[in-house]
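Below is one structure, written out as structure tokens; comments come after it.
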Amino acid sequence: MRKLVALPVLSADALSSVAYGPEALLAVLALAGTAGLRYSFPVSGAIVLLMLAVGLSYRQTIRAYPHGGGSYIVAGANLGPMAGLMAAAGLMTDYVLTVAVSVASGVAAITSALPALSPDTVPTGVGVILVLLAGNLRGVRQAGALFAAPTYAFIIAMFALIASGLVRAAGEDFQPRPVPAVAVTESAGLYLIMRAFSSGATAMTGIEAISNAVPAFKPVEWRQARTTLTWMVGLLIALFTGIIVLIHLAGVVPRSKETVLSQLAHFGFGAGWMYVFVQAATAAVLLLAANTAYNDFPRVLSLLARDDYAPRLFMRLGDRLAYSNGIILLSVAAALVYVAFNGQTAALIPLYAVGVFLAFTLSQAGLVVHWWRLRDRHWRKSLLFNALGGLLSSVVFITAGISKFTSGAWAAVVAVCLFLLLTRSIHHHYAAVRASLRLRPHAVELPAHTIVGPSTVPAAPDISPAPRRHATQPETSGENEELPSEIRHLTIVALATLDLAGMRALAYAASLHQPVLALHISLTEQEAKRVRAYWTLWGDHLPLEIVVSPYRATVAPLVHYIEALHRQQPGLTLTVILPEIITRYRRHQVLHSRTAPRLRRALRPLPKIVVTTVPFHV
């Protein structure tokens with residue numbers, strides 16, 4: 001991507017957070033009345049310093065990982081698997097809440113302009129999530145002017161709003177308007193200020209997006225990415241600061257029926273078309289920010305599945321090259337959270353900071369270790385920036401966890417703990433299964449020599465012509481009755497990998513004393529070469545056909561190959577044998593492939609095709 005496209009596409013989440021970050025900060029300070037609102041400038045100044053420090057830290061992340069370095073990868077590579085899982089837990093929580101919070105804020109922008117829709121906040125938000133689900137399942141991608149326009153429109157709207165508000169304030173000699181009376185429910189102490197700081201710091205969400213997408217830039221990728229990150233942080237600080245100043249001058253406080261941005265737009269533009277433009281641009285960029293999670297959540301989940309920390313079905317790409325299962329899981333989780341908190345942004349914010357800053361902290365700590373080990377040119381400067389970013393992020397994480405624990409942050413902490421327990425359990429199961437399926441020479445030597453040796457299985461399928469049917473047997477328009485002597489067999493063993501389960505399926509197929517063909521679907525040319533090398537060592541006594549699937553699909557190419565073979569030999573009975581892992585506990589079965597049922601459904605319309613499985617119990 002060019003910088004002009006990458007900036008709005010990758011910055012939508014971060015920049016849109018100024019629509020709810022300043023309001024979340026004020027909502028906490030307003031609990032102490034006018035006395036609490038006086039702390040808005042100092043707290044906002046601390047948040048701006050945090051933005052600057054974390055932005056500089058992620059510039060070092062781009063330099064250290066020029067091919068893309070998400071928190072899961074950075075923390076896992078430098079701090080160990082458990083730290084990587086904790087970072088992944090923070091990221092997954094962040095992405096779910098990104099969808100819920102962005103949709104809630106977007107709906108709030110709409111209902112502020114159209115109050116009649118306020119009673120339908122929850123159905124409207126769920127409907128938006130369903131639209132995002134449908135669009136992403138169909139392969140919608142962030143690209144070009146289509147996705148750049150909402151972010152640029154929001155930037156223009158915010159700068160126009162700030163400029164208009166400052167011009168109006170200049171006509172009043174920059175005297176702040178009186179603040180409406182606010183009921184005092186808490187004292188303006190350190191605890192309240194800590195809560196306000198952690199709530200306002202949610203304006204930094206999405207700041208890591210550019211460091212995750214470095215390969216998407218045009219050459220030189222890392223330099224283009226760092227420039228784009230600098231622009232994003234600069235815009236974020238400018239917008240956040242401008243909104244805070246304007247709030248102070250306009251004397252605005254949070255209301256339940258109207259957002260702070262809507263009040264500022266009324267202050268600057270009245271109720272004219274510019275007000276409508278501001279609200280429409282805000283809603284559009286928030287919904288775009290929600291859509292960014294649909295790119296990142298399934299990708300992180302697929303990395304976890306690759307490392308055996310999540311069910312392998314999350315590695316599966318759909319026909320439109322989208323991680324469909326991850327997209328569905330994200331939509332369900334976000335919809336449940338949205339409904340549980342009644343679509344209220346203020347109620348969702350306390351959950352947000354915990355996951356975001358947990359991932360920030362572990363990522364920056366991992367980079368400190370990285371620079372200490374590498375010690376290349378300018379390593380001290382990079383280490384200092386990342387140490388500062390990690391320290392400040394940890395302060396926000398601890399502050400949010402303590403100050404907002406009873407307000408909802410406990411749910412995020414519990415979610416992280418449950419995530420760690422679940423992923424460790426899944427990894428333990430896959431390790432046990434892998435040990436059970438590992439090939440051992442003494443286990444396959446005898447079957448390879450006596451059951452499936454060259455003397456009993458031909459080098460290629462040898463299909464003889466079928467005997468003629470007796471002339472007196474009637475023919476029908478559909479499928480005819482067959483005599484045993486008329487059935488010609490070809491057995492196809494579909495192998496995902498060479499292990500004991502696959503060897504058992506091959507041995508079973510060869511024991512039927514019919515022609516046997518092994519079939520493997522490879523996702524890349526490199527994988528195909530690796531499987532061929534393994535086959536030469538373990539299974540060269542049978543013919544092997546490898547089909548390369550560049551679109552990373554497995555079932556569809558398998559079905560197409562069998563259909564093509566059926567069209568070439570319509571009189572041939574094809575028996576497709578699949579190795580199947582049978583687990584001791586039913587709850588573990590979801591962690592393994594369900595290829596056989598999918599294959600049966602796809603091949604059911606074709607006659608003379610039998611799909612069977614050879615179980616392997618672990």
Side-chain angles (χ1 to χ4, degrees), residues 316 437 439 444 447-448 451-466 479 482 484 486-523 527-528 530-532 534-536 538-549 551-582 592-616:
R316 186 185 305 149
L437 294 177
L439 289 175
V444 298
I451 297 179
V452 293
S455 61
T456 57
V457 180
D462 183 15
I463 305 167
S464 57
E479 293 190 51
E482 290 179 319
E486 294 179 304
I487 298 177
R488 295 181 301 148
H489 283 283
L490 173 62
T491 302
I492 301 173
V493 181
L495 295 174
T497 184
L498 285 177
D499 52 25
L500 287 180
M503 287 299 179
R504 176 172 291 182
L506 288 170
Y508 171 78
S511 70
L512 301 177
H513 303 290
Q514 299 292 336
V516 178
L517 173 67
L519 178 62
H520 173 75
I521 308 297
S522 286
L523 302 183
E527 182 185 348
R530 186 168 61 251
V531 170
R532 180 69 69 183
Y534 289 158
W535 187 258
T536 302
W538 292 97
D540 205 24
H541 40 270
L542 287 174
L544 172 67
E545 182 73 22
I546 296 179
V547 177
V548 177
S549 175
Y551 300 110
R552 305 189 67 83
T554 54
V555 174
L558 185 61
V559 170
H560 293 160
Y561 184 91
I562 295 171
E563 287 178 340
L565 194 58
H566 174 74
R567 286 193 297 268
Q568 292 177 1
Q569 297 282 346
L572 198 63
T573 297
L574 302 177
T575 300
V576 182
I577 296 178
L578 298 168
E580 183 179 16
I581 304 298
I582 306 297
H592 297 278
S593 173
R594 302 290 295 165
T595 303
R598 297 171 62 198
L599 198 60
R600 285 193 184 95
R601 288 194 296 270
L603 297 176
R604 188 176 292 129
L606 299 178
K608 289 181 170 294
I609 293 182
V610 178
V611 180
T612 188
T613 59
V614 176
F616 188 95

Walk me through whether Ile492 and Leu565 qualify under side-chain contact (heavy atoms from CB on, under 4.5 Å). CA-CA 11 Å; Ile492 301 173; Leu565 194 58; 3.7 Å; yes
From [atom1] ([X]) to [atom2] ([Y]), nearest 0.5 Å:
X      : Y      : atom1 : atom2 : answer
Glu545 : Leu495 : CD    : CG    : 12.5 Å
Ile546 : Arg532 : CD1   : CZ    : 4.0 Å
Thr575 : Lys608 : OG1   : NZ    : 10.5 Å

Going through the checks in order, is the side-chain contact (heavy atoms from CB on, under 4.5 Å) test met by Glu563 and His560? CA-CA 5 Å; Glu563 287 178 340; His560 293 160; 3.9 Å; yes
Grab the two heavy atoms, one from [X] and one from [Y], that are nearest each other, plus how far apart they are.
X      : Y      : answer
Ile577 : Ala509 : CD1-CB, 3.8 Å
Val548 : Ala528 : CG2-CB, 4.1 Å
Glu527 : Ile521 : OE2-O, 4.2 Å
Leu490 : Pro515 : CD1-O, 3.5 Å
Gln514 : Thr491 : CB-OG1, 4.2 Å
Ala518 : Trp535 : CB-CH2, 3.6 Å

Go through it in stages, so that I can follow the logic: the residues are Val576 and Leu519, the test is side-chain contact (heavy atoms from CB on, under 4.5 Å), and I'd like the CA-CA distance, side-chain angles, deciding distance and then a yes or no. CA-CA 10 Å; Val576 182; Leu519 178 62; over 6 Å; no
Less than 4.5 Å apart, any side-chain heavy atom of Pro579 and any of Met503? no
